[in-house]
2 protein chains.
Amino acid sequence: MGSFSIRELTREFGVTSRTIRHYEDIGLLTPERRGQTRVYSAADRTRLKLILRGKRFGLSLEESRQIIQMYDPAAGNRAQLERLLARLREQRESLLARRRELDAMLEELEAAETACQTALAGQARAARSVAGTRNTRRNNR
Amino acid sequence: MGSFSIRELTREFGVTSRTIRHYEDIGLLTPERRGQTRVYSAADRTRLKLILRGKRFGLSLEESRQIIQMYDPAAGNRAQLERLLARLREQRESLLARRRELDAMLEELEAAETACQTALAGQARAARSVAGTRNTRRNNR
DNA sequence: GTTGACGTTGACGTCAACGTAAACTTGGGG
DNA sequence: CCCCAAGTTTACGTTGACGTCAACGTCAAC
């Protein structure tokens, strides 16, 4: 219940076992072994989730490694904690920047969408007036 | 003023000329030529910006190609417009999903941040009470 | 007229992130 | 007891996204 086979994880996250083993090869996951078969803990599962989410945001595996280490830290000494805190704030800033960009994209998409709709409406009018090939030009941007 | 050299674009966006030419190789950019040197229009510049922004979100160049085509379409016929509209909405949905994920990451980061801060505060207390190596265990997650 | 800075075209190299194939082991069901 | 599905290791292959290098054109400046 707190542990998973490799196959379970592949099914849950839609990745191949090769991928998961690859993450182990480069030290992103370190499952236990029962005999020689891998046994993944809930923490491993969480790590995997973080990695894959990172990928969806264009993070490299190395970048994800950084983030994972931040969640891990086994609370070291004061200096370590403060470095960690600083990195957390950096990460938050960069995430916020991404969020702003994402919102910009969303606005552009919506603009394109309404432009598209008005174009359709224009075509409808054109069709009613049986005008020939009228070039509804609306080139902003 | 409405046109740019390759070097200008590299400087503006912090990419190499190789990168820009690569985008041309795979048909993402199609600058004019003055003689044999490339001349980029404002539209080319916008495309490049879209591509690079896409990358920051983990889009492949092929995925960016899709998006670019949506901004381009020279407003075809009705059917084309409606397909475009549908794709725009899909894109918007996927962007919204990403936004939700991003917000989730932000929340987790902030949680980690406060956890980190309380850990620091705990260390401060421990230091005052001159207690030895007390293992401030706070393992949630 | 040569020196830079900038441009070009191939062509090959590299690096991350896996895919794929082969050959082997292992635990439980018929 | 034997099979087989799911696991393993080892090792080479592939793909995307460029980097790097050589060899050369062009043009303004000194």
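All values derive from a computational prediction rather than experimental measurement. Every chain is numbered from 1, with letters handed out A, B, ... down the list of sequences.
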Expressed as a whole number of angstroms, how long is the span from Leu9(B):CG to dC6(C):P?
14 Å
To the nearest Å, give me how far apart CD (Glu8(B)) and C1' (dC6(C)) are.
12 Å
Give the stems involving DNA chain D, where a stem is 3 or more consecutive Watson-Crick or G-U wobble pairs (i with j, i+1 with j-1, and so on) under 3.5 Å.
C:1-30 with D:1-30
Using only side-chain N and O atoms of [X], determine if any of them is under 4.0 Å from OP1 or OP2 of [N].
X	N	value
Thr19(A)	dG19(C)	yes
Arg18(A)	dT20(C)	no
Ser17(A)	dG7(D)	no

With rounding to the nearest 0.5 Å, note down the distance linking CZ in Arg92(B) to CG in Leu88(B).
9.0 Å
Hey, what do you get for CD (Glu63(B)) to CD (Gln91(B)), rounding to the nearest 0.5 Å?
8.5 Å
Show me the side-chain donor-acceptor pairs of residues 11-23 of chain A shorter than 3.5 Å, one per line, residues at least two apart or across chains.
{"from": "Glu12(A)", "atom 1": "OE1", "to": "Arg45(A)", "atom 2": "NH1", "distance (Å)": "3.0"}
{"from": "Glu12(A)", "atom 1": "OE2", "to": "Arg45(A)", "atom 2": "NH1", "distance (Å)": "2.2"}
{"from": "Thr16(A)", "atom 1": "OG1", "to": "Arg18(A)", "atom 2": "N", "distance (Å)": "3.4"}
{"from": "Thr16(A)", "atom 1": "OG1", "to": "Thr19(A)", "atom 2": "N", "distance (Å)": "3.2"}
{"from": "Thr16(A)", "atom 1": "OG1", "to": "Thr19(A)", "atom 2": "OG1", "distance (Å)": "3.1"}

Among residues 23-39 of chain B, which residues get a heavy atom nearer than 4.0 Å to DNA chain D?
Tyr23(B)
Residues within residues 53-63 of chain B bordering DNA chain D, heavy-atom distance below 4.0 Å
Lys55(B), Ser60(B), Leu61(B)
Pairs meeting criterion salt bridge (Lys or Arg N to Asp or Glu O under 4.0 Å) with involvement of residues 50-61 of chain A, two or more places apart:
Arg53(A)-Glu108(B), Arg56(A)-Glu101(B)
Salt bridge or not for Arg65(A) and Glu62(A), using N-O below 4.0 Å?
yes
Judged by each residue's nearest nucleotide on DNA chain C, which is more toward the 5′ side, His22(A) or Ile6(B)?
Ile6(B)
Could you pull out all residues at least two apart from Arg38(B) that satisfy side chain to side chain donor-acceptor pair (under 3.5 Å)?
Glu24(B)
